[in-house]
Amino acid sequence: MALYSEKVMDHFTHPRNVGSLPDANGIGEVGNARCGDIMKIYLKIENDIIVDVKFETFGCGSAIASSSMATEMIKGKPVDQALELTNQAIAEALDGLPAHKLHCSVLAEEAIRAAIDDYNKRSGKTPETPVIKG
Amino acid sequence: MEENGKRIYLDHAATTGMSKRAVEAMLPFLTEEYGNPSSLHTVGQKAKEALEGAREELANLLGATAKELTFTSGGSEADNQALRTAAAWGKRKGKTHIVSTAFEHHAVLHTLEQLGREGFAVTLLDVHENGLVTAEEVRAAIRPDTCLVSVMYANNEIGTVQPIAEIGKVCREAGVLFHTDAVQAAGHLPIDVQAQNIDLLCISAHKFHGPKGVGLLYCRKGIPLATLVEGGAQERGKRAGTENVAGVVSMAAALREAVDGMERNAASVGRLRDRLIDGLSRIPHSALNGDRTSRLPGNVSFCFEGIEGESLLLLLDQKGICASSGSACTSGSLDPSHVLLAIGRPHEVAHGSLRLTLDAENTDEEVDEVLRWVPWAVEKLRGMSPVWKELEAGEKQFLL
């Protein structure tokens with residue numbers, strides 16, 4: 001039995017949407033290097049749609065895979081749908097994470113929220129409904 | 001996860017495969033000669049003979065006498081029993097201070113923490129950036145109420161080799177017991193408990209091509225052994241439980257083989273180690289952990305800035321390279337290895353560590369492969385690391 005699912009290994013080995021966006025209008029960074037995990041999400045939002053997304057991650061295999069999967073799940077989606085993405089959904093999409101790695105999916109969820117917060121701040125918007133965490 | 005079925009095993013400090021001789025030595029005692037050494041009949045007495053023969057052989061290899069050896073389930077149990085023995089010895093004399101180091105194995109550190117809760121005072125010596133303590137530092141730390149000094153012979157993560165004989169001399173002069181966890185040293189470095197003035201020493205068979213689940217504690221004659229496992233009269237009543245005859249016989253064969261080949265292997269393995277160290281040092285913003293010369297022949301330990309160790313291990317595993325790391329993600333906690341923190345590596349650097357531990361079975365071709373794939377993996381991970389990006393952009397100072 002392997003530590004990670006094939007999905008996790010696929011996203012870790014071939015991460016989707018790696019890099020940065022020079023014209024991002026929402027950037028979120030969570031975690032800290034002391035604890036061994038940093039995730040940075042770049043969003044390009046047009047008409048409340050996430051038209052492009054990139055990530056940079058310093059962290060373990062599941063942190064990289066969670067970032068990759070999360071960016072895939074929100075690309076092309078309306079902002080309010082992206083805000084509904086939960087860490088459970090990310091972990092499920094990866095066919096599960098080991099219990100001690102679930103925080104990696106939480107980090108991905110938080111990074112997306114932080115990037116959208118940043119977009120809202122920049123564009124002078126405040127979210128209409130408060131976000132309820134799953 | 002292996003490409004082309006190739007496997008490059010560079011995790012010999014974690015465990016080794018059994019040697020042919022060690023397997024052959026144990027087989028009869030798993031099948032035909034399965035007797036219990038406590039049994040009076042011929043089958044039992046044959047097992048007893050084999051057990052005592054192995055004890056003799058191991059004693060010879062360590063410079064001890066057979067009666068001074070107690071067989072255990074491995075290094076951790078032996079370390080626990082050694083520290084409990086010294087603590088009980090000290091308590092009877094009213095001495096409740098222990099000197100050790102900050103980068104001991106957890107089998108020692110956690111037992112010391114427990115002894116701390118039981119009223120002992122523990123001084124953990126700094127191991128400095130080079131991962132070494134000196135006999136002088138040990139001497140300076142010894143107090144009138146010190147009962148024990150516990151310093152590991154060789155470190156399991158960074159491979160640094162302590163001046164054991166000098167520390168032993170200091171302890172003997174001060175009338176303090178000296179314990180050394182020699183789990184990483186046995187079979188790789190010379191051990192002579194007499195010449196090195198060692199009072200308590202622990203080894204584990206699977207680190208030198210013996211089986212898992214068996215080790216031993218050497219306890220100098222005259223020091224009453226504390227008991228961890230109560231029960232029958234095995235091991236002079238100091239460690240109950242039917243003896244692991246096959247394991248012990250195999251451990252003796254494995255140590256004999258390792259000691260016989262020690263000099264030859266140290267030279268050949270040391271050469272591969274030096275090739276790896278030289279090659280990996282070329283990776284920018286990397287650093288060797290631990291002293292370059294006073295280290296185990298097979299240990300290579302590096303930190304690479306801007307990346308995390310677990311993802312490095314996963315990438316290497318995909319290339320068939322089995323390595324290890326002291327990152328938090330491999331330890332199951334938020335903190336990286338206490339050993340790397342003890343030598344002063346900051347958290348963010350310690351997360352990016354890689355340990356490669358070689359053995360006589362490794363080859364130059366394997367070293368070539370490692371020197372090809374480690375730089376590739378480090379670069380790949382740095383390419384997606386926001387930490388690395390900040391460092392490169394000059395927004396943060398490089399630490400290495």
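Per chain, numbering begins at 1; letters A, B, ... match sequence-line order. When reading the values below, keep in mind they use all heavy atoms of this one structure, side chains included, and skip hydrogens, waters and symmetry mates. Keep in mind the model is a prediction, meaning the values are calculated, not measured.
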Residues, nucleotides or ligands: over 12 heavy atoms within 6.0 Å of B/Gln114 CD: yes
A/Ile64 versus chain B, the contacting section by heavy-atom distance below 4.5 Å: side chain
A/Thr13-B/Gln318 side chain donor-acceptor pair, cut-off 3.5 Å: yes
Exceeds 12 heavy-atom contacts within 6.0 angstrom, atom CZ of B/Arg117: yes
Nearest-0.5 Å distance, CG of residue B/Leu381 to SG of residue A/Cys60: 11.0 Å
Leading residue by heavy atom contact count with chain A [cutoff under 4.5 Å; candidates B/Gly383, B/Pro346, B/Ala350, B/Gly306]: B/Gly306
Check: B/His351 side chain, A/Arg34 main-chain N or O, donor-acceptor pair, under 3.5 Å: yes
Within 6.0 Å of CD in A/Glu6, more than 12 heavy atoms from elsewhere: no
Donor-acceptor under 3.5 Å (B/Ser311 side chain, A/Gly59 main chain): yes
Spatial distance of atom CZ (B/Arg382) from atom CD (A/Glu56) [nearest 0.5 Å]: 15.0 Å
Closest approach of A/Tyr42 to B/Lys389 (non-hydrogen atoms, all atoms of both residues): OH-NZ, 3.3 Å
Separation between SG of A/Cys35 and CG of B/Asp335, rounded to the nearest 0.5 Å: 7.5 Å
Test item: B/Glu310 side-chain N/O and A/Gly61 main-chain N/O as donor-acceptor pair under 3.5 Å: yes
Under 4.5 Å from a heavy atom of chain A, the part of B/Ile307 involved: backbone
Residue part contacting chain B, namely of A/Pro98, when any heavy atom lies under 4.5 Å: neither
A/Asp23 atom CG, neighbour heavy-atom count above 12 within 6.0 Å: yes
Exceeds 12 heavy-atom contacts within 6.0 angstrom, atom CD of B/Glu113: yes
